[in-house]
Each structure stands twice: as C-alpha cells, then as structure tokens.
Amino acid sequence: MDQYFVMELAKVVALLTLIAIGAWLVATWMKVRHGYPLNGSKGQTLYPNSGEETIERVRLLTQENSQLRAEIGAVKDRLANIERIVTDGAHSLDREIEQLRLKAN
C-alpha cells in the first residue's frame, strides 16, 4: 500500500511540475509577443524593448494622444455652447438672433 501511495504521489508531483512549467512558458511567450521586457531572477531587465520600432510607436502614440486631447477640448467647448443655448430662456435666444440680424444688415 505504501509503494502505491508513493507512486501516485510522484505522478501528482510530476503533473503539477509540468503544469507549472507550461504556465511559465505561456506567460513568457505572451510577454515576448506583446513587447514586454523579460525579468531575470534578480529583477533585472534581460531584453529591454527599446528598439527603433518601439521608439517610433511611442512617438506616434504620443502624437495621437495630443491630437485626441485637442479634439476633446473642442468637443467640450461645443458642448458648453449647446448647453448654454438649451438652458437659456427662449427670450434671450430671440434677442441674440435679432442682434445678429441687425449686424448683418
């Protein structure tokens, strides 16, 4: 009975070891695939991802980020104008329209 238990325990330990190695391989593969640097046993970066392609990608993303921020600012300004028009009374809107008509003439 003891020999059977030891054999089954060895099978379970071997299976768990294989699962752990497989999980580590998958995690490492995903890091490499998505451009994350790999860490050594002491926490140092083994393969820093600082190639020209990465620098160009960061530059393009920074440029796109600034463009999107400017666009959001413009949308906020337009939304504020729309909110002002909607919340103002009809009387003040009519008055502004008449002032614009008078300026046009």
Side-chain angles (χ1 to χ4, degrees):
M1 184 83 172
D2 285 332
Q3 186 179 11
Y4 176 74
F5 178 73
V6 170
M7 290 299 289
E8 290 300 315
L9 183 62
K11 288 179 185 178
V12 170
V13 169
L15 181 63
L16 289 175
T17 302
L18 288 175
I19 290 172
I21 292 171
W24 176 79
L25 286 173
V26 169
T28 303
W29 174 75
M30 290 186 72
K31 284 181 182 179
V32 169
R33 183 170 185 238
H34 295 290
Y36 291 99
L38 300 175
N39 297 326
S41 61
K42 296 181 182 176
Q44 76 276 19
T45 302
L46 294 177
Y47 304 106
N49 198 4
S50 61
E52 291 179 22
E53 180 181 328
T54 303
I55 293 170
E56 180 67 17
R57 184 182 302 168
V58 168
R59 187 186 66 76
L60 290 173
L61 287 174
T62 303
Q63 181 181 6
E64 182 183 12
N65 188 15
S66 64
Q67 290 172 347
L68 290 174
R69 286 181 180 271
E71 188 175 337
I72 286 175
V75 169
K76 283 182 178 181
D77 291 341
R78 292 180 70 187
L79 181 62
N81 286 334
I82 291 171
E83 287 176 345
R84 184 183 54 81
I85 290 171
V86 169
T87 57
D88 276 355
H91 180 69
S92 64
L93 182 59
D94 288 339
R95 188 176 59 228
E96 288 182 25
I97 291 173
E98 282 301 318
Q99 287 174 356
L100 290 173
R101 283 185 187 156
L102 292 175
K103 287 181 183 178
N105 291 333

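Keep in mind that this is a model prediction, so the values were computed, not measured.
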To the nearest 0.5 Å, atom NZ of Lys76 lies from atom CD of Glu83 at 11.5 Å

Does a sphere of radius 6.0 Å around CD in Gln67 hold more than 12 heavy atoms from other residues, nucleotides or ligands, not counting ones at 6.0 Å or beyond? yes

So, are Glu8 and Lys11 salt-bridged, with charged N and O less than 4.0 Å apart? yes

Indicate yes or no: at least one non-hydrogen side-chain atom of Arg69 is less than 4.5 angstrom from one of Asn65. yes

So CG of Leu100 and CD of Glu98: to nearest 0.5 Å the spacing works out to 9.5 Å

Can you measure from CG (Leu18) to CG (Leu25) and round to the nearest 0.5 angstrom? 10.5 Å

What's the verdict on side chain to side chain contact (heavy atoms under 4.5 Å, CB included) for Leu61 and Glu64, showing C-alpha distance, side-chain angles and the deciding distance? CA-CA 5 Å; Leu61 287 174; Glu64 182 183 12; 3.9 Å; yes

Could you tell me whether the side chain of Arg59 reaches within less than 4.5 Å of the side chain of Thr62, counting heavy atoms only? no

As an exercise, state the distance from CD of Gln63 to CG of Leu68, rounded to the nearest 0.5 Å. 10.5 Å

